[in-house]
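Since the structure comes first, as structure tokens, the remarks are kept for the end.
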Amino acid sequence: MSEPWNSGLLDCFSDPKSCCLTYLCPCVTFGRIVEIADKGSTSCCLGGAAYVLVALMFGCPCLLSFRYRSRLRQQYSLEGNSCGDCLVHCFCETCALCQEYRELQSRGFNMSIDGKEIWMQRTTKWQWAQFPPWWREA
């Protein structure tokens, strides 16, 4: 059973701060989404760099970003399908990233701190122990 997204695709201006961030620097928004979707195994910087690299090499960062929308949908049982994820990112990349960002905020993630702090706040000790030792000690 899937549940609806907490905000609509075109509700970008409901959060002007994230809207401006995504419009001016989508790689930062994408990096933060990736870090949370990957549960800290991919850093914000690495995710953002991959976004820029795909955008520069292929001119279409949606080749990378739609997969993370699918991942978020699966993790949180959100409505939609893979084909829809691809279409949304191909035709409205900025709106899709904003919606995903707002979704994570509404689920209690503080998007202004790094992933390590986010997962320290949201995981149990057992889950925390699953991260690589170098990540826990930093």
Side-chain angles (χ1 to χ4, degrees):
M1 183 109 183
S2 60
E3 61 183 71
W5 290 79
N6 287 313
S7 63
L9 181 63
L10 301 176
D11 291 342
C12 297
F13 296 110
S14 66
D15 182 6
K17 185 177 175 184
S18 68
C19 180
C20 289
L21 172 68
T22 305
Y23 180 75
L24 296 173
C25 200
C27 59
V28 173
T29 301
F30 179 73
R32 290 177 178 176
I33 292 167
V34 166
E35 191 164 32
I36 293 170
D38 284 348
K39 299 181 180 175
S41 65
T42 305
S43 72
C44 177
C45 292
L46 185 60
Y51 185 89
V52 170
L53 186 64
V54 170
L56 292 174
M57 289 179 65
F58 303 106
C60 191
C62 66
L63 295 172
L64 177 64
S65 60
F66 87 90
R67 289 195 245 154
Y68 282 92
R69 184 177 185 87
S70 295
R71 187 170 293 170
L72 288 177
R73 266 190 327 87
Q74 290 171 356
Q75 285 178 354
Y76 299 111
S77 300
L78 296 168
E79 293 176 340
N81 57 48
S82 296
C83 182
D85 296 338
C86 184
L87 290 173
V88 165
H89 272 272
C90 284
F91 292 106
C92 199
E93 175 78 4
T94 307
C95 294
L97 289 174
C98 280
Q99 183 184 32
E100 294 157 17
Y101 195 89
R102 288 190 312 273
E103 183 69 30
L104 292 171
Q105 282 179 319
S106 72
R107 292 181 179 275
F109 290 99
N110 181 348
M111 303 299 280
S112 64
I113 59 177
D114 71 359
K116 184 174 179 180
E117 292 178 56
I118 290 168
W119 285 102
M120 284 176 66
Q121 292 175 358
R122 303 229 355 138
T123 59
T124 65
K125 289 182 181 181
W126 177 82
Q127 290 169 320
W128 180 245
Q130 293 180 7
F131 290 115
W134 60 265
W135 201 77
R136 292 189 307 252
E137 295 168 3

Between [atom1] on residue [X] and [atom2] on residue [Y], distance to nearest 0.5 Å:
{"X": "S82", "Y": "F66", "atom1": "OG", "atom2": "CZ", "result": "7.0 Å"}
{"X": "S70", "Y": "H89", "atom1": "OG", "atom2": "NE2", "result": "8.0 Å"}
{"X": "T22", "Y": "I33", "atom1": "OG1", "atom2": "CD1", "result": "7.0 Å"}
{"X": "C92", "Y": "L87", "atom1": "SG", "atom2": "CG", "result": "12.0 Å"}
{"X": "F109", "Y": "E35", "atom1": "CZ", "atom2": "CD", "result": "11.0 Å"}
{"X": "I36", "Y": "E103", "atom1": "CD1", "atom2": "CD", "result": "11.5 Å"}

**Request:** Check whether L9 and F91 end up in the same hydrophobic cluster, where Ile, Leu, Val, Met, Phe, Trp and Tyr are linked by side-chain heavy atoms less than 4.5 Å apart.
**Result:** no

**Prompt:** Should Y76 and V88 be counted in the same cluster of Ile, Leu, Val, Met, Phe, Trp and Tyr side chains packed under 4.5 Å apart?
**Reply:** no

Considering all heavy atoms of both residues, which atom of [X] and which atom of [Y] are nearest to each other, and what is their separation?
{"X": "V54", "Y": "C60", "value": "CG1-O, 3.6 Å"}
{"X": "R102", "Y": "C12", "value": "NH1-CA, 3.4 Å"}
{"X": "R73", "Y": "W5", "value": "CG-CZ2, 3.7 Å"}
{"X": "G8", "Y": "D11", "value": "N-OD2, 2.7 Å"}
{"X": "R32", "Y": "L21", "value": "NH1-CD2, 3.6 Å"}
{"X": "C62", "Y": "S65", "value": "CA-OG, 3.2 Å"}

**Item:** Test item: P26 and E93 side chains (from C-beta on) under 4.5 Å apart, heavy atoms
**Value:** no

**Prompt:** Do L104 and E100 have side-chain heavy atoms sitting under 4.5 Å apart?
**Reply:** no

**Asked** F13: which other cluster members, linking ILVMFWY side chains closer than 4.5 Å, directly or transitively?
**Response** none

**Request:** Just jot down the ring pair (Phe, Tyr, Trp, His ring centres under 6.0 Å) partners of Y51, sequence neighbours excluded, or say none.
**Result:** F30

**Request:** Start with the C-alpha distance between L64 and L53, add both sets of side-chain angles, then the distance that settles side chain to side chain contact (heavy atoms under 4.5 Å, CB included), and finish with yes or no.
**Result:** CA-CA 10 Å; L64 177 64; L53 186 64; over 6 Å; no

**Asked** Can you list the steps and then say if L10 with C95 is a side chain to side chain contact (heavy atoms under 4.5 Å, CB included)?
**Response** CA-CA 6 Å; L10 301 176; C95 294; 4.0 Å; yes

**Message:** On the six-membered ring of Y68, is R71 placed so that its NZ or CZ lies under 6.0 angstrom from the centre and within 45° of the ring axis?
**Reply:** yes

**Side chains of S18 and D15, donor plus acceptor under 3.5 Å** = yes

Let me check something: any side-chain donor-acceptor pairs from residues 42-50 under 3.5 Å, sequence neighbours excluded? List them with distances.
| residue | atom | partner | partner atom | Å |
| --- | --- | --- | --- | --- |
| T42 | OG1 | D38 | OD2 | 2.7 |
| S43 | OG | L46 | N | 3.0 |

**Backbone of S7 reached by a side-chain donor or acceptor of Q99 within 3.5 Å** = yes

